[in-house]
Structure formats: C-alpha cells, structure tokens
Protein chains: 2
Amino acid sequence: MITIKEIAERASVSRTTVSRVLNNNGYVSEDVKKRVLKVIKETGYIPSENAKSLRTKKTKVIGVILPKISTETSSRLVKGLDEVFAKEGYQILLTNTNLVPEKEIEYLRLLKSRHVDGIILSTTIINQPLVEEISQLKIPFVTVGQQISKISNVLFDDYQASKDLVNLMIKKGYKHIAFIGVHEEDRSVGYLRKAGYLDAMKEINLPIEDCWVQQGIFDVDSGYHSMREIVKNSKQKPDAVLAVTDRLAIGAMQYIKEAGLSIPDDIAVAGMGASELSRFVSPSLTTIDFSMEEVGLEAADLLLDQINGRNTHEKIRKVEYRLIERSSI
Amino acid sequence: MITIKEIAERASVSRTTVSRVLNNNGYVSEDVKKRVLKVIKETGYIPSENAKSLRTKKTKVIGVILPKISTETSSRLVKGLDEVFAKEGYQILLTNTNLVPEKEIEYLRLLKSRHVDGIILSTTIINQPLVEEISQLKIPFVTVGQQISKISNVLFDDYQASKDLVNLMIKKGYKHIAFIGVHEEDRSVGYLRKAGYLDAMKEINLPIEDCWVQQGIFDVDSGYHSMREIVKNSKQKPDAVLAVTDRLAIGAMQYIKEAGLSIPDDIAVAGMGASELSRFVSPSLTTIDFSMEEVGLEAADLLLDQINGRNTHEKIRKVEYRLIERSSI
DNA sequence: TAGTTATATGGAATCGATTCCACAAACAAA
DNA sequence: TTTGTTTGTGGAATCGATTCCATATAACTA
C-alpha cells in the first residue's frame, strides 16, 4: 500500500504539502502542485479514506437498516436513497435484520462503531428498547414507513389510502367488503390500514362479519388461505376484498379463481403497494402506488439536512400515494 | 465521543490493558478485567472500527458493485451475499453504476480507498480498461454473471440453458421458433443465450427467418415491440418465441394477446430468469430459474476463501439452473 | 526603507485504536 | 539461592491521513 508519506518523499515535499494538493486548499505553488500530481499519477496512489475519516470525523457513509433484503419495497427504497446519496458522494452500508428485532439494536451499534454519518432505518415493528437505543445514538437519523415520536420520519398516510380503496369499492356498488391484513404490531401496514378499512365501513354503516377480517403474513400463500377462510366461513359471502399488500391480494385472487368465481364480477379485489406483479396478473390489480423510491429520495434529503445542520426542526414528511384503478374492481 | 483513552483513565489502567480486555487476548487479571468491563458498560463505550482498521488493515466490509439496484436479480444476489457475509461479521458497502461503465472504475477505486476486504462485481459489459483496473487492485475479487479470465467467477451456463429451452420447444413440436435477445456486448445474456438458440436450431436444421431474431433492451415494452416486429415482418409466422429475460417474454405475451392470438396454441413463449412475475402472469411462463441467491452464496464463499488465503487456485464456479415448465409452452 | 501582508512550505501533534517491547512480580525448577 | 518461566501491566511506536503553528521569502504599502 502506497501512502502519503511515500508521495511526499518522491516529490521531495512534506506530507502537509501533499495533503494540500489532495484537498486543493491552502497555498501551494503551481510548480510543486504539478510535481506532486505527477507522482500521484505515476504511482496510482489512492488516499486512505479510513485514515482521513479518523482525523476528520466524517466517513461519507450512510448506514441503512432493512427488515428484509430482496423485496420490491426495500430495493425501491434503496434505489431512491442511492440516487440522492451517490450524488453527494455518500456510499451506503447495508444491513439486514431479517425481521429479527434484536438485530436492529445490534446493527445500530455496529453502524455507530463504523462512524457512519447518518442512519436510515426501515422497520416494521417498533419497541421501547429500540427507541431508547436510537435516542442515545446522537447520529443523524431518519426512519421510513413507521412513525417514531421525536425522530424524523418519512411516511405514507396508510389510514387514508386504505379508506380510499374501500370508498372506491363502495362507490362502485360493493357492500360486503372483506379484509386481509397483517399483525397490528406493524402499526402502518397492520394497524392503520385496518383502521382505515373499519372506519370507511362504519361511516356508512356497512356491517362486517367477523370472519371477513383475516390476518395473514407477507406472502402469497397467506393471501390464499385467508381468502379461503373468508369464503368458507362467512354466512353472507363478500363481494369484494381489500388486502393490505399486493402479494396477499394475489393469493386471494388465486383462491377466488380456483373456486370458480370471477374477478371482479363475483368478488372484486384490491391490493396495496403497486408491485410489478399487480400490473401483469389477470385481471390486473387495483392497488395503491406508494412510491417507495420517492420515500427514499425524501428520506435521503431529510438525513442530509440533519448532517449539514439544516432544517433540524422538520420531523415528518408525508409522501403522496396514488390510487391505480385497474380491472380487478 | 468516548474513547479507549477515557476508559483507561476511568478504570485506572493503560490503554493497552483495555485493548486486551476488548479483544480478549494477552494476560489480564480477572480483577482488572472486571473493572474495565464495568466501566465499558457504564459509559456505553463502542470502540471505533475506523481506528481499529487503520492499524489492523482489516475493515470487515465487502464492496459490492451492481449494474442496477432495484431489479430482482440484484436484490436476490445481495440477499445471498448478505446471508454469508453477515454470518462472518462482514457488512456490505453498496454501489450502483446504473449501467454507466465509467462508474465501475470509479467505484473500484473508491472501494479501494475505503480498504474493503473484498469486492463483488456484478456487471453486464466488460471492457479492457475495467479488466486492467481490476488486475491492478490487488484486492480479493469475485465477478458474478460474466466471465473475466484470470479472475474468480460465478456463472451460469447461459448457452446450455437457452439451448435447453429451444430443445424443449422442439420436443413439443414447435418448429418456427423466434428469438428476442439483447445486445451481444453483454456476453452472457446477449451473446451466449443467442448462440444457444442458434445452435439448437442449427443442429436439427430448422430454418430461421432474419426477422425472427430481434434485439431488445431489458424491459417489458421492448419485448412487446420486438414481438410486433416478428409477427408483422415474418413471412412464415413463428409458432414459438424464446426471450432472454422474463420481462421481454412478458412484453411479447402482451403483444400476442393483443393481436388476438392464443398462448401457447398459436405462439408458445419462454422466458429466462424465473422472476416472480413469471409465476403469476397468465398463462404462467415457462422459464429458467437461475437462482441468483445461490450465486450470491457461492460468490461470497469464493471471496471469503480468497480473503482467508484458501483455495486461491479455484477460479470458476458454475451454478446449476432449473427449467421450470409452465403453461406458456 | 521599514513594516505589513500574502504566499509557500514544513514540523509536529492529533485522531483512536493495536502491538511490540520492556519490566516487574510471582512462581517453579535446579 | 539462583535461574527460568509464567503472568500481568504499561510506555511508546504505529497505522495514514489532517491541521495547527512556526518560519521564511516575496510582494505590497505607507
């Protein structure tokens, strides 16, 4: 490994001067500058970011904590983040909790030990130890998708989005609307989207049978099974179903088709998330486009504001969603 | 920021001793050890990885260069990589070239400046400057998806996979098989998959009309347009089409359906990549499952071997693929 | 011409860890 | 008792950069 010391020797100057050339600051004569640059080019010298950041306290690295790699949501988020950060010369250090809550705290410490300039946290479940750990960190910090008080957030209006879909169904004449959700520990996807559904139904006094409201997990099979439960156990068969993710909706569609029913004539279906799948299943799926990429952009902006000491008062940014009407309703 | 020096003072020992406790090596009396650990716990001290790696020359960070974030291929690859690396205490530093070739060299240098312990490169086009830059790096290195001589590779047999699909079509009685590829600069997806198609056709002397062989880019629309070209311009209409990616295949399917033709009765379709889409489009798409996740696992293993100075002779590892027969053929 | 100021460079401290080496005490073997 | 070994601890150098401060000219200004 070639170091600044060697460059200094070869160019017969001090390390100080080489550093000045490198960072283009302080006084350096044209002559010396040329000489140093020549040696740098000849040797292929690349300064150690590591040594640099030990001194400057800046790493130009952003830590990102994801609940799962390899989901459309995560990869779109990362795309948005990278778009902003790369432009500003930041790299992304990726960590993946695989939905194990203890890993979140472990990775927060790890990122701190690596002196990242900021952290983006995407999580599904928030608990007290996590919130405490975060507040102790003293590192620029933004969460996405979930609200944590006193911390910068980028969010959707999950409640209203869910309500909008139910209202759309109601407008189209559906009255017996079932619901496939996830565990309410996940406040955004589990709790708020369910609340939106319940309130929309309540507002015009549509009755809900108990078995219409199912709880699944984040995959296609779970949507299939939930739909089966709904169809099999309900006295009044529903004429529509809202699922809180596209995958669940697609599972539900599979069951409906297998049961020899038609979509949307017998049962209409809506999902949420605007996954790529939703465009290409048949019938194409009505869904909500949450634009995770934009969340990434916004979150990156918020974090950069904190890093650069601007706008630290702003805490919450809501990203608009878009209802995509297709043929499943 | 609390440092080792402060811990040393508070525990009335030297920094050396604190370091010994931290790394659990050298002689330390039980008494002193307890005292130091107590102070560490009280203060919430987290050692600086940065300072550590300046001295030890190990960062426990792996650089990953992707051609595009937010594709199923990339995210599955990263998932496989992370699975292995996280277990061994490595983190992933992500960079994204967005298919801009110069970015690859830029990021190679950047990763070197950050002293990553190893690099995984996923690229689509290989050129000479890139190969030269890599060989100068002297960092453990593995490429995936594309073969570069003298460098460790994890690959698929793209040629044979393509041939298998064509042979399957032939076995099922299709004779007029069209092809939608991509630019041959991409040796694996563009060149080899096309060669597999051409050779399979040649081996049993099936003629190919010029306009049956189209070149698209990596998206759905491009598959749609290519298929239109094929159908509109061919004298003998093809009864099957092989696309080198699922997206292209799905685009082709869209056109075929719009043209009022049936899949697979009028035209059979095959894709490659086993995207999630392929399962859920209708009819479901026959495709090749390349298992990018396994590529990630293998690539991570190979890289760790290099980092730990094992098995440096092994260069190429081929990952098996699996033909998934569905209803589109 | 003396006194400032701008320009140019280097010495040495610093960042926060690890690690080599020296040294002392405790213990065992001769 | 002497010698050798194990155990326990700290001083100081080191990693590769940045940066404060000192110093020396050169170039203005009064």
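Below, chain A is the first sequence line, B the second, and so on; all start at residue 1.
- Remark: A:E88 pairs with A:Y90, A:L304 by the side chain to side chain contact (heavy atoms under 4.5 Å, CB included) rule, at least two apart or across chains.
- With distances taken from any side-chain atom of B:R20 to the nucleotides D:dC20, D:dT9, C:dT19, the minimum falls on D:dT9.
- Contacts of A:Q146 classified as side chain to side chain contact (heavy atoms under 4.5 Å, CB included), with partners at least two apart in sequence or in another chain: A:T123, A:I126, A:D186, A:R187, A:S188.
- A:S12 comes within 4.0 angstrom of sugar-phosphate atoms only, judged by non-hydrogen atoms across all strands, and of no base.
- When the C1' atom of C:dT19 is taken as reference, atom OH of B:Y27 falls 16 Å away, rounded to whole Å.
- The stretch residues 134-145 of chain A participates, sequence neighbours left out, in these side chain to side chain donor-acceptor pair (under 3.5 Å) pairs: A:T143-A:N153.
- What separates NZ of B:K33 from P of D:dT9 is a distance of 12 Å, to the nearest Å.
- In this structure, B:T3 has no side chain to side chain donor-acceptor pair (under 3.5 Å) partners at least two apart in sequence or on a different chain.
- Nearest-nucleotide mapping onto DNA chain D: of B:V13 and A:T56, the residue sitting toward the 5' end is B:V13.
- Taking five base pairs at each end of the helix from C:dT1-D:dA30 to C:dA30-D:dT1, the local helix axes there meet at an angle of 50°, rounded to 10°.
- If you take CD of B:E30 and P of D:dG8, they are 9 Å apart, rounded to a whole angstrom.
- Residues satisfying the salt bridge (Lys or Arg N to Asp or Glu O under 4.0 Å) test with A:D158, not counting sequence neighbours, are A:R193.
- When the side chain to side chain contact (heavy atoms under 4.5 Å, CB included) test is applied to A:Q128, the partners found at least two apart in sequence or on another chain are A:V131, A:E132.
- Distance B:N25 CG to C:dC20 P: 10 Å, rounded to the nearest Å.
- The side chain to side chain donor-acceptor pair (under 3.5 Å) test applied to B:T124 returns no partner, not counting sequence neighbours.
- Qualifying side chain to side chain donor-acceptor pair (under 3.5 Å) partners for A:N24, counting only residues two or more places apart in sequence or in other chains: A:K33.
- The side chain to side chain donor-acceptor pair (under 3.5 Å) search around A:T73 returns none, not counting sequence neighbours.
- For DNA chain C, no neighbouring residue in residues 35-42 of chain B is found when judged by any heavy atom under 4.0 Å.
- Using a 4.0 Å heavy-atom criterion, one finds that A:T16 contacts the bases of the nucleic acid, with or without backbone contacts as well.
- OP1 or OP2 of D:dG10 has at least one side-chain nitrogen or oxygen of B:T17 nearer than 4.0 Å.
- A side-chain N or O of B:Q306 and one of B:S152 form a donor-acceptor pair less than 3.5 Å apart.
- No contact: A:V18 has no heavy atom under 4.0 Å from any strand.
- Counting only N and O atoms by type, the side chains of A:H115 and A:S53 include no donor and acceptor under 3.5 Å apart.
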Produce the list of close N/O pairs, under 3.5 Å, pairing protein atoms with atoms of nucleotides 15-17 of chain D; give distances to one decimal.
residue	atom	partner	partner atom	Å
D:dC15	O3'	B:K57	NZ	2.6
D:dG16	OP1	B:K57	NZ	2.9
D:dG16	N2	A:A51	O	3.3
D:dA17	OP1	A:Y45	OH	3.0
D:dA17	OP1	A:S48	N	2.5
D:dA17	OP2	A:I4	N	2.3
D:dA17	OP2	A:Y45	OH	3.3
D:dA17	O5'	A:Y45	OH	3.3
D:dA17	N6	A:R15	NH2	3.1

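- Not one side-chain nitrogen or oxygen of A:S14 sits closer than 4.0 Å to the OP1 or OP2 atom of C:dT9.
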